[in-house]
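Written below as structure tokens is the structure these notes are about.
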Amino acid sequence: MQNKSPLKLLLVGAALAGVLALGACATIARQGPSGNANVPEPAKAVDLDRYLGKWYELARYEFGYQKGCEAVTAEYRLLEDGQIGVTNACRQDSVDGEYREATAKGKVVEGSNNTKLKLSFFGPFYVGDYWVLDHADDYSWSIVGEPSGRNLWILSRQVNVTTEQRQMLYNRARELGYDLSLLRETKH
């Protein structure tokens, strides 16, 4: 039997852990109910300069990594290398709860008119899908999903919207094929 150095074993172990983590994330992404069996292609092109900045989550499909999150925000910025920097933040279990934050990098999917990003929350692996399914012409709201139909986010530039604006966004999500019974409103 060949003698393995501790450094070699450590490197092999680290590589295996990375592969397992990637597989676990892919498995997590497939769990949960799909609220839309036929996610449509995004409705219109996205002007990245206008999309960048801070967004407030009005509602979402509840998913493990966001469980109990309130006061949710997402901030997008252009990085020097041309990628999109993403910072998602929330307060755990209440609007005054413990602050949580996750950062990612996004690459625009070629040929998507800037409507689709591949996200990486860890290292060089771009495994998360982020599709801007529809948005206001003035970029005051956005409806975001991904191909499995298990995730949906309704975003606004304003933390407070009128009942009519909220209903219009819910109606648009329904028109896109989403099951609104899975929608969870975010407290701010």
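Hydrogens, waters and symmetry mates are skipped; everything else that's a heavy atom, side chains included, is used.
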Supply the members, apart from [X], of the Ile/Leu/Val/Met/Phe/Trp/Tyr cluster built from side-chain contacts under 4.5 Å; use none for a lone residue.
X	result
L79	none
Y56	V159
L169	V39, L58, Y61, W131, L133, W141, I143, L152, I154, V161, M168, Y170, L176, Y178, L180, L182, L183
Y126	none

By side chain to side chain contact (heavy atoms under 4.5 Å, CB included) - contacts of [X] (at least two apart):
X	result
E101	T87, Y99, T103
I84	L48, L52, Y76, L78, V86, L117
D93	none
E175	R172

Do [X] and [Y] meet the criterion of a side-chain donor-acceptor pair at a distance under 3.5 Å?
X	Y	value
T115	N113	no
E146	W153	no
D81	Q83	yes

R60 meets the salt bridge (Lys or Arg N to Asp or Glu O under 4.0 Å) criterion, sequence neighbours left out, with E57, E62
With no hydrogens and no angle check, is any side-chain donor or acceptor of H135 less than 3.5 Å from a backbone partner on Y51? no
How far apart are the C-alpha atoms of V72 and Q66, what are their side-chain angles, what is the distance that settles it, and do they pass the side chain to side chain contact (heavy atoms under 4.5 Å, CB included) test? CA-CA 9 Å; V72 179; Q66 252 189 311; 3.6 Å; yes
Note: T186 and C69 closest approach over all heavy atoms is CG2-O, 4.5 Å
If you compare all heavy atoms of G106 against all heavy atoms of L119, which two are closest, and at what distance to 0.1 Å? CA-CD2, 3.6 Å
Should V108 and Y139 be regarded as members of a common hydrophobic cluster, given that ILVMFWY residues are connected when their side-chain heavy atoms come within less than 4.5 Å of each other, either directly or indirectly? yes
Output yes when [X] and [Y] qualify as a salt bridge under the 4.0 Å nitrogen-oxygen rule, no when they do not.
X	Y	result
D137	K44	yes
R100	E70	no
D96	R91	no

Using 0.5 Å steps for rounding, measure from the [atom1] atom of [X] to the [atom2] atom of [Y].
X	Y	atom1	atom2	answer
R157	R50	CZ	CZ	9.0 Å
N114	E110	CG	CD	11.5 Å
C90	K187	SG	NZ	13.5 Å
D129	R150	CG	CZ	12.5 Å

So F63 and R184, do their side chains get closer than 4.5 Å, heavy atoms only? no
Residues that W55 engages under side chain to side chain donor-acceptor pair (under 3.5 Å), provided they are two or more places apart: none
Run the side chain to side chain donor-acceptor pair (under 3.5 Å) test against N88 and tell me which residues pass, sequence neighbours left out. none
Pair V109-K118, side chain to side chain contact (heavy atoms under 4.5 Å, CB included): steps then yes or no: CA-CA 7 Å; V109 173; K118 291 298 259 183; 3.8 Å; yes
Pairs where residues 34-43 contributes a residue and the test side chain to side chain donor-acceptor pair (under 3.5 Å) is met, not counting sequence neighbours: E41-K116
